[in-house]
Amino acid sequence: MLDRNIVPMTSVNSTMPWFGMDIGGTLSKLVYFEPKDMMQGESESEIEILKSIRKYLTKNSSYGKTGHRDTHLQMDNVVLRGIVGTLHFIRFPTSKMKNFLVLANQKGMAKLVTTVCATGGGAYKFEEDFKREVNMKLAKYDEFESLLKGLLYIDKNNPTECYYWSNPTDGTKCSKVQYDFSSPYPFLLVNIGSGVSILSVNSATECKRVSGTSLGGGTFLGLCCLLTGCNSFEEAIGLAAEGDHTHVDKLVKDIYGGDYAKFGLPGDLVASSFGQMNSRDRRSKVSRQDLARATLVTITNNIGSIARMCAIQQKVERVVFIGNFLRVNPIAMKLLAYAMEYWSNASMKALFLEHEGYFGAVGCLLQYHGET
Ligand SMILES: Nc1ncnc2c1ncn2[C@@H]1O[C@H](COP(=O)(O)OP(=O)(O)OP(=O)(O)O)[C@@H](O)[C@H]1O
Ligand SMILES: CC(C)(CO)[C@@H](O)C(=O)NCCC(=O)O
């Protein structure tokens, strides 16, 4: 939804700006469109400025140093306003927004554009800062409408965007399988960011937020930092990959000695997350890796369980999981894939998307350019 006081791009200037931002509770996502054939000096200078900002952010970000680079940093041959070009994807911690604004000033970005299209809570929270620090106006768009529009656009432009995990619990057979998302409705969209929002989507223009939970990606990272002393998402995921949650959780078989067959509860099911940790002896044996894994399993299974209940309530079979919590996180994706399939007797499918965290930024850029 466009703010009433902002004039839509279509009616003003068909050239700049070509970038959109999604300013979330943890990460800010910036996408910019680079036309293939540069026709105007103005476009070239903006792109050079954005490239230098991108270079700076990649070099100086904490995640840049860990070696966990995003694999999808750009997408070629997309069309915006009838122009063929490349979409570039950048992200940085929202806690560094002040630095970003200083950088935008230093690199001359502020001189080129007067209005930036933005979505996410930060579009509201930082509106005054943008005005004061760089004299930029924000054209604000709703985060969920932007998510949906961005998702549909990226899927249309990338034939390998949507996939599911086959045999998610079998280490040797498990693989990513392409999924044709061209007739997707109805579906549930589960956005796992700092918190989790669950949307029921009935068409390209019809979506409603049906549920949410504050136990999301921010909770995983926050608890992991507290429990293991780690300092980044990548480190937390790295620890979790080496850990065993059964040293931390209490399983059905720890209580029953085996399956609870009468009610279909297998012995390996978690009966109580962190349930072993009330024993001093157990606590003394558990590793940082085990704690990280148990935190990941706890948060992910809880989200899976809420998503499944929403899917039943909304009578949908396809559940699409997105958000940066799923970045470099195959453990969580496979857990979700398994949980959705197992508990629905294979009637529900968990789907995933390659550009999981960038749809909001793309969607607001599209709306600004009237590409809806
Ligand atoms: N480099 C990273 N730094 C911090 N968190 C990361 C990183 N990579 C992935 N994450 C995970 O992604 C989550 C944030 O995801 P995302 O960017 O989709 O949400 P957000 O927009 O910041 O939050 P919200 O939508 O709730 O405002 C974090 O809570 C964390 O679990
Ligand atoms: C507040 C938002 C919508 C910001 O994106 C998100 O973090 C969220 O959905 N949190 C969960 C809120 C809840 O439903 O409990």
Side-chain angles (χ1 to χ4, degrees), residues 22 24-25 119-120 142-156 158 161-166 168 176-220 296-327 329-363:
D22 175 1
T119 187
D142 176 73
E143 66 172 296
F144 301 132
E145 286 173 19
S146 299
L147 269 186
L148 180 58
K149 288 183 191 339
L151 184 162
L152 296 174
Y153 177 85
I154 294 287
D155 180 67
K156 213 168 141 192
N158 179 17
E161 183 66 30
C162 186
Y163 62 93
Y164 64 91
W165 290 91
S166 70
K176 272 165 92 167
V177 183
Q178 220 169 296
Y179 184 86
D180 177 3
F181 200 61
S182 53
S183 307
Y185 309 108
F187 69 91
L188 207 67
L189 185 60
V190 183
N191 184 32
I192 318 178
S194 316
V196 183
S197 284
I198 304 183
L199 314 174
S200 178
V201 184
N202 285 313
S203 77
T205 51
E206 274 173 275
C207 79
K208 60 174 192 266
R209 188 177 187 277
V210 291
S211 190
T213 168
S214 62
L215 304 182
T219 321
F220 161 67
L296 187 57
V297 170
T298 301
I299 295 299
T300 307
N301 278 344
N302 188 55
I303 295 169
S305 170
I306 297 170
R308 196 175 50 86
M309 287 188 281
C310 290
I312 294 169
Q313 188 199 38
Q314 297 296 316
K315 302 185 175 54
V316 300
E317 289 171 356
R318 282 171 291 256
V319 183
V320 181
F321 292 93
I322 58 168
N324 277 314
F325 171 68
L326 299 173
R327 236 196 91 236
N329 196 354
I331 299 171
M333 287 191 275
K334 289 175 193 175
L335 274 174
L336 289 168
Y338 174 73
M340 298 306 289
E341 211 170 301
Y342 181 84
W343 292 111
S344 72
N345 289 323
S347 71
M348 281 178 205
K349 199 157 210 65
L351 300 171
F352 302 92
L353 296 158
E354 296 286 1
H355 294 84
E356 68 280 277
Y358 285 107
F359 302 123
V362 173

Once you round to the nearest 0.5 Å, how far does [atom1] of [X] lie from [atom2] of [Y]?
X: Glu354; Y: Asp155; atom1: CD; atom2: CG; answer: 11.0 Å
X: Lys349; Y: Glu341; atom1: NZ; atom2: CD; answer: 5.0 Å
X: Leu188; Y: Phe321; atom1: CG; atom2: CZ; answer: 7.5 Å
X: Ile299; Y: Thr219; atom1: CD1; atom2: OG1; answer: 5.0 Å
X: Thr300; Y: Met333; atom1: OG1; atom2: CE; answer: 10.5 Å
X: Phe144; Y: Ser197; atom1: CZ; atom2: OG; answer: 3.5 Å

Within 6.0 angstrom of Glu317 CD, more than 12 heavy atoms from elsewhere: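 Counting neighbours around CD of Glu317, 12 or fewer heavy atoms of other residues, nucleotides or ligands fall under 6.0 Å, so no.
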Would you indicate whether the side-chain heavy atoms of [Y] and [X] approach each other to under 4.5 Å?
X: Tyr164; Y: Val177; answer: yes
X: Asn191; Y: Phe359; answer: no
X: Leu215; Y: Ile303; answer: no
X: Ile306; Y: Ser211; answer: yes
X: Leu296; Y: Phe325; answer: yes
X: Ile192; Y: Asn329; answer: no

Which heavy atom in [X] sits nearest to a heavy atom in [Y], and how many Å separate them?
X: Cys207; Y: Val201; result: CB-CG2, 3.9 Å
X: Gly360; Y: Leu147; result: N-CD2, 3.7 Å
X: Ser344; Y: Met348; result: OG-N, 2.9 Å
X: Lys334; Y: Trp165; result: CE-CZ3, 3.4 Å
X: Met340; Y: Val319; result: CE-CG2, 3.5 Å
X: Asn202; Y: Pro186; result: OD1-CB, 3.4 Å

Residues Glu143 and Arg209 bridged, charged N to O under 4.0 Å: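 Salt bridge: no.
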Donor-acceptor contact below 3.5 Å, side chain Asn158 vs main chain Ile154: no
Donor-acceptor contact present, side-chain Arg318 to main-chain Tyr185, <3.5 Å: yes
Plane angle bin for Tyr179 and Phe181 - parallel if under 30°, tilted between 30 and 60°, otherwise perpendicular: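 Tilted: the ring planes of Phe181 and Tyr179 meet at 30° to 60°.
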